[in-house]
Amino acid sequence: AAHAGATPMDARRDALAGAVEAAVELERLGRESPSGTTVATVGAISASPGAINVIPGEAELHVDIRDRDLSARDAVADAFVAELEAITERRGLELELETIARDTPVACSPAIVAAARSACRDLAVEYVELTSGAYHDAMLMSAKVPVGMIFVPSVDGVSHSPHEYTAPDDIDRGVRVLAGTLRALAHAP
């Protein structure tokens with residue numbers, strides 16, 4: 001027997017269930033992106049009123065979609081909006097979208113990358129050239145000056161977290177590579 005006042009499952013308009021479905025769709029879209037470099041994340045989700053026995057009437061997702069390939073990123077974002085519209089229509093929900101930022105990916109200066117590569121070779125430091133998907137000050141600085149970045153390894157790859165730890169030897173190597181990069185740039189034509 002149903003509890004008094006309970007809403008049957010097929011009559012519910014559960015905003016949190018819709019948000020969770022959207023999160024799964026975002027993950028699928030990121031994985032299926034043609035660039036192979038798209039990352040798509042629901043970094044925060046909230047529901048209200050937030051009681052264990054009350055159907056959530058409102059849910060909020062904070063979504064981040066990044067890619068060095070701008071057209072691939074935009075295609076995933078557009079596909080996600082279409083999925084959101086389909087989910088809300090099917091579930092009888094309302095949708096409100098707010099774009100917080102839509103930044104353009106930035107390429108590092110080839111001269112700075114070459115100088116860092118040269119410094120690593122001179123110091124016999126193993127290196128990997130990579131694309132950073134994180135949001136760095138370099139994105140803003142690149143409008144005024146050439147940019148480049150040198151990363152040092154963190155234990156288990158954990159970064160941007162209180163649990164991040166980089167061994168002192170790796171920090172020392174990073175400082176030496178930075179000094180070598182600056183030296184190479186100072187002597188560049």
Side-chain angles (χ1 to χ4, degrees), residues 22-23 25-45 61-84 97-189:
E25 286 301 311
L26 179 66
E27 181 182 48
R28 179 186 64 77
L29 290 167
R31 282 194 175 124
E32 294 176 0
S33 172
S35 72
T37 54
T38 302
V39 291
T41 307
V42 174
I45 189 169
L61 294 172
H62 293 253
V63 175
D64 183 63
I65 303 170
R66 299 180 188 197
D67 199 321
R68 66 181 177 219
D69 180 330
L70 194 55
S71 63
R73 183 204 63 191
D74 289 347
V76 169
D78 292 344
F80 182 59
V81 169
E83 290 291 342
L84 286 171
L97 294 172
E98 178 185 353
T99 300
I100 297 169
R102 197 170 216 148
D103 297 309
T104 302
V106 170
C108 290
S109 160
I112 294 175
V113 172
R117 187 184 306 119
S118 175
C120 286
R121 288 180 185 147
D122 291 349
L123 295 164
V125 171
E126 289 185 38
Y127 66 93
V128 175
E129 291 184 35
L130 54 87
T131 298
S132 173
Y135 196 101
H136 293 278
D137 292 342
M139 288 180 68
L140 300 173
M141 298 291 294
S142 69
K144 301 286 183 187
V145 297
V147 297
M149 293 184 283
I150 297 169
F151 294 96
V152 293
S154 296
V155 174
D156 296 328
V158 175
S159 67
H160 300 85
S161 162
H163 305 289
E164 178 177 359
Y165 176 78
T166 299
D169 286 348
D170 287 325
I171 293 171
D172 179 65
R173 265 187 292 283
V175 169
R176 288 187 289 120
V177 168
L178 176 59
T181 301
L182 294 172
R183 191 168 26 261
L185 290 168
H187 293 100

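- Shown here for Val147 and Ile112, the closest heavy-atom pair between the two residues is C-CD1, 3.5 Å.
- Around CZ of Arg28, the count of heavy atoms belonging to other residues, nucleotides or ligands within 6.0 Å exceeds 12.
- Val106 is not listed as a side-chain neighbour of Met141, based on a closest heavy-atom distance of 4.5 Å or more.
- Residues Ala119 and Val177 share a closest heavy-atom pair of CB-O, 3.6 Å.
- Taking the side chain as every heavy atom from C-beta outward, Leu70 and Pro105 approach each other to under 4.5 Å.
- The CZ atom of Arg66 lies 12.5 Å from the OG1 atom of Thr38; values are rounded to the nearest 0.5 Å.
- Of all heavy-atom pairs spanning Leu29 and Val76, the tightest one is O-CG2, 3.9 Å.
- When all heavy atoms are compared, the tightest approach of Phe80 to Ala22 is CE1-O, 3.3 Å.
- Atom-to-atom distance recorded for Cys108:SG and Glu129:CD is 10.0 Å, nearest 0.5 angstrom.
- Enclosure of atom CZ in Arg117 by more than 12 non-hydrogen atoms of other residues, nucleotides or ligands within 6.0 angstrom is indicated.
- Enclosure of atom CE in Met149 by more than 12 non-hydrogen atoms of other residues, nucleotides or ligands within 6.0 angstrom is indicated.
- Annotation for Ile65 and Arg73: closest pair O-CD, 3.4 Å, computed over non-hydrogen atoms.
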Would you list the atom pairs, donor with acceptor, under 3.5 Å between side chains in residues 161-168 and any protein atom, with sequence neighbours excluded?
residue	atom	partner	partner atom	Å
Ser161	OG	His163	N	3.0
Glu164	OE1	His160	N	3.1
Glu164	OE2	Ser154	OG	3.2
Thr166	OG1	Pro153	O	3.2
Thr166	OG1	Ser154	OG	3.2

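- Atom CZ in Arg31 sits 11.0 Å away from atom CG in Leu26 (nearest 0.5 Å).
- Remark: side-chain polar atoms of Ser35 are paired, donor with acceptor, to backbone N or O of Thr37 under 3.5 angstrom.
- To the nearest 0.5 angstrom, Thr181 atom OG1 is 3.5 Å from Ile150 atom CD1.
- Looking at residues two or more places apart in sequence or on another chain, you find a side chain to side chain donor-acceptor pair (under 3.5 Å) between Ser71 and Asp69.
- Listed for the Ser33 side chain is no donor-acceptor partner under 3.5 Å among the backbone atoms of Gly30.
- With rounding to the nearest 0.5 angstrom, the CD atom of Glu27 is 10.5 Å from the CD atom of Glu32.
- When every heavy atom of Val42 is checked against every heavy atom of Val63, the shortest pair comes out as CG2-CG2, 4.2 Å.
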